Amino acid sequence: MKQLELLHEGKSKQVYKTESDEHIIIRFKDDATAFYNIKRAKIENKGKMNAEISSLVLDYLNRNGIKTHFVERDGNDGQLCRVVEHFPIEVIVRNIIAGSMAKRLGLEEGLVPDNTIFDLCLRDSELGDPLINDHHAVALGLVSYEELATIYEASAKINALLVELYHKAGIILVDFKIEFGRTASGELILADELTPDTCRLWDEATGERMDKDRFRRDLGRVRETYEEVASRLANALK
Ligand code: TMP
Ligand code: ASP
């Protein structure tokens with residue numbers, strides 16, 4: 001599909017109009033940012049690797065009964081996607097305690113809870129995407145209780161499928177962030193990237209970080225790690 005004008009440019013992606021009102025092209029940039037733009041860098045090849053990883057993962061979810069915005073890969077660094085109206089909320093799914101949850105509650109990273117944890121956050125970077133609960137989200141008119149039920153059910157299924165896929169790649173899926181939206185025809189679908197920028201991935205064999213924490217925490221070998229995730233996923237899906 002033909003790419004038309006730039007509609008929106010974010011920290012790590014650009015969104016382009018296409019000839020169809022129902023489709024956009026999303027391009028992944030090499031830029032990396034963390035801590036709300038305080039830390040910034042360019043990581044060579046990250047755009048291409050994120051396009052590859054996200055395409056592999058979303059295609060796998062599509063084939064396994066999850067409705068997503070992904071249609072097809074577009075060039076090296078892009079994806080053709082369905083247009084949605086996003087709910088202004090983020091769901092964070094946590095299988096292992098890490099990151100902000102460990103910090104906020106004074107817990108050690110690596111703790112494995114008996115249940116899966118679902119965080120709900122308001123999508124507002126000026127406020128730092130604050131943690132909210134279902135009642136806040138409904139009271140603010142962001143989403144209905146029925147829509148939340150669908151979103152949590154889909155998030156749990158997505159988590160189960162991704163844990164299995166990453167396990168085949170020798171990787172532990174620690175946590176990830178996803179967003180949902182509605183298409184013009186009213187379908188509620190997953191509409192987000194799934195990349196090492198938005199997931200925590202730990203090597204099963206060594207415990208090594210294989211995600212954006214390498215950049216956030218200055219652990220080095222960021223580019224090589226994203227390339228390794230892409231290659232392991234491609235092998236796992238063969
Ligand atoms: P957190 O530990 O900082 O709350 O992050 C949990 C997961 O969500 C982690 O995999 C990174 C991802 N994430 C995003 O993709 N975007 C965000 O804005 C935040 C805060 C987290
Ligand atoms: N919300 C954070 C940021 O804007 C996300 C992150 O640290 O990955 O940088």
Side-chain angles (χ1 to χ4, degrees), residues 8 10-13 15 26 28-29 31-41 43 46-47 49-51 53-54 57-58 61 68-69 79 86-113 115-133 136-137 142 151-152 154-156 158-159 161-163 165-166 169 171-181 190-203 207-219 222 225-226 229 233:
H8 171 74
K11 288 178 285 194
S12 64
K13 283 171 291 194
V15 180
I26 297 176
F28 291 84
K29 308 200 290 186
D31 302 73
T33 68
F35 314 118
Y36 298 94
N37 244 348
I38 288 172
K39 188 173 171 126
R40 276 183 258 179
I43 295 159
K46 181 167 89 78
M49 287 305 106
N50 274 353
I53 292 164
S54 198
V57 172
L58 290 173
L61 291 177
T68 85
H69 70 162
Q79 293 180 340
H86 279 95
F87 295 103
I89 54 174
E90 298 181 342
V91 178
I92 295 174
V93 182
R94 299 179 190 271
N95 296 307
I96 297 183
I97 310 295
S100 74
M101 179 166 176
K103 203 166 176 190
R104 195 175 58 248
L105 300 180
L107 300 170
E108 207 173 306
E109 281 203 318
L111 215 70
V112 185
N115 56 305
T116 308
I117 297 164
F118 299 88
D119 284 356
L120 200 63
C121 298
L122 173 66
R123 217 158 63 102
D124 184 329
S125 46
E126 283 192 9
L127 294 176
D129 300 334
L131 188 63
I132 55 173
N133 66 27
H136 295 136
L142 312 177
I151 285 171
Y152 286 125
S155 299
I158 291 163
N159 183 45
L161 285 163
L162 293 185
V163 164
L165 172 64
Y166 274 109
I171 294 172
I172 301 169
L173 178 64
V174 173
D175 60 32
F176 60 96
K177 184 271 298 176
I178 42 176
E179 296 172 17
F180 292 85
L190 169 65
D192 207 351
E193 67 181 280
L194 275 160
T195 67
D197 280 2
T198 59
C199 302
R200 274 199 180 86
L201 306 168
W202 295 353
D203 190 335
E208 234 194 341
R209 314 274 163 155
M210 301 188 72
D211 56 61
K212 198 167 123 182
D213 275 345
R214 300 206 71 82
F215 167 70
R216 293 189 192 97
R217 303 178 186 189
D218 295 318
L219 301 175
V222 185
T225 301
Y226 278 61
V229 171
L233 276 178

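Every number for a ligand or one of its atoms is a count from 1 in the order of the listing. Only a predicted model underlies this, so the values are computations on that prediction, with no experimental measurement involved. We use all heavy atoms of the structure for the numbers below, so side chains are in, but hydrogens, waters and symmetry mates are not.
Judged by a 6.0 Å distance limit and a 45° cone about the ring axis, K46 is not positioned over the six-membered ring of F28.
Atoms of ligand 1 found under 4.0 Å from any heavy atom of G99, numbered from 1 in the order shown, are 2 (O). Which parts of ligand 1 touch I92 is read off a 4.0 Å heavy-atom cut-off, strictly below it: atoms 4 (O), 6 (C). Less than 4.0 angstrom separates some heavy atom of S100 from each of these atoms of ligand 1: 1 (P), 2 (O), 3 (O), 4 (O). The contact set between ligand 1 and R200, taken as ligand atoms under 4.0 Å from a residue heavy atom, comprises 1 (P), 2 (O), 5 (O), 6 (C), 9 (C), 10 (O). In summary, the atoms of ligand 1 found under 4.0 Å from a heavy atom of R216, numbered by their order in the structure, are 11 (C).
The closest approach between any non-hydrogen atom of E193 and ligand 1 is not below 4.0 Å. Heavy atoms of R94 come nearer than 4.0 angstrom to ligand 1 in at least one pair.
When all heavy atoms of I96 and P113 are compared, the pair lying nearest together is CA-CD, 4.1 Å.
Electrostatic pairing of D192 and K177 counts as a salt bridge here, judged by a charged N lying under 4.0 Å from a carboxylate O. A salt bridge links R200 with D213; the closest basic N to acidic carboxylate O contact falls under 4.0 Å. Ion pairing of R217 with E109 is present here, as a side-chain N (NZ or NE/NH1/NH2) and a carboxylate O approach within less than 4.0 Å.
Under the rule for a side chain to side chain donor-acceptor pair (under 3.5 Å), E90 has no partner lying at least two apart in sequence or in another chain. For N50, the side chain to side chain donor-acceptor pair (under 3.5 Å) partners two or more places apart in sequence, or in a different chain, are D197.
For D129, every heavy-atom contact with ligand 1 shorter than 4.0 Å involves the side chain, none the backbone. No part of R123 comes within 4.0 Å of ligand 1, judged by heavy-atom distances.
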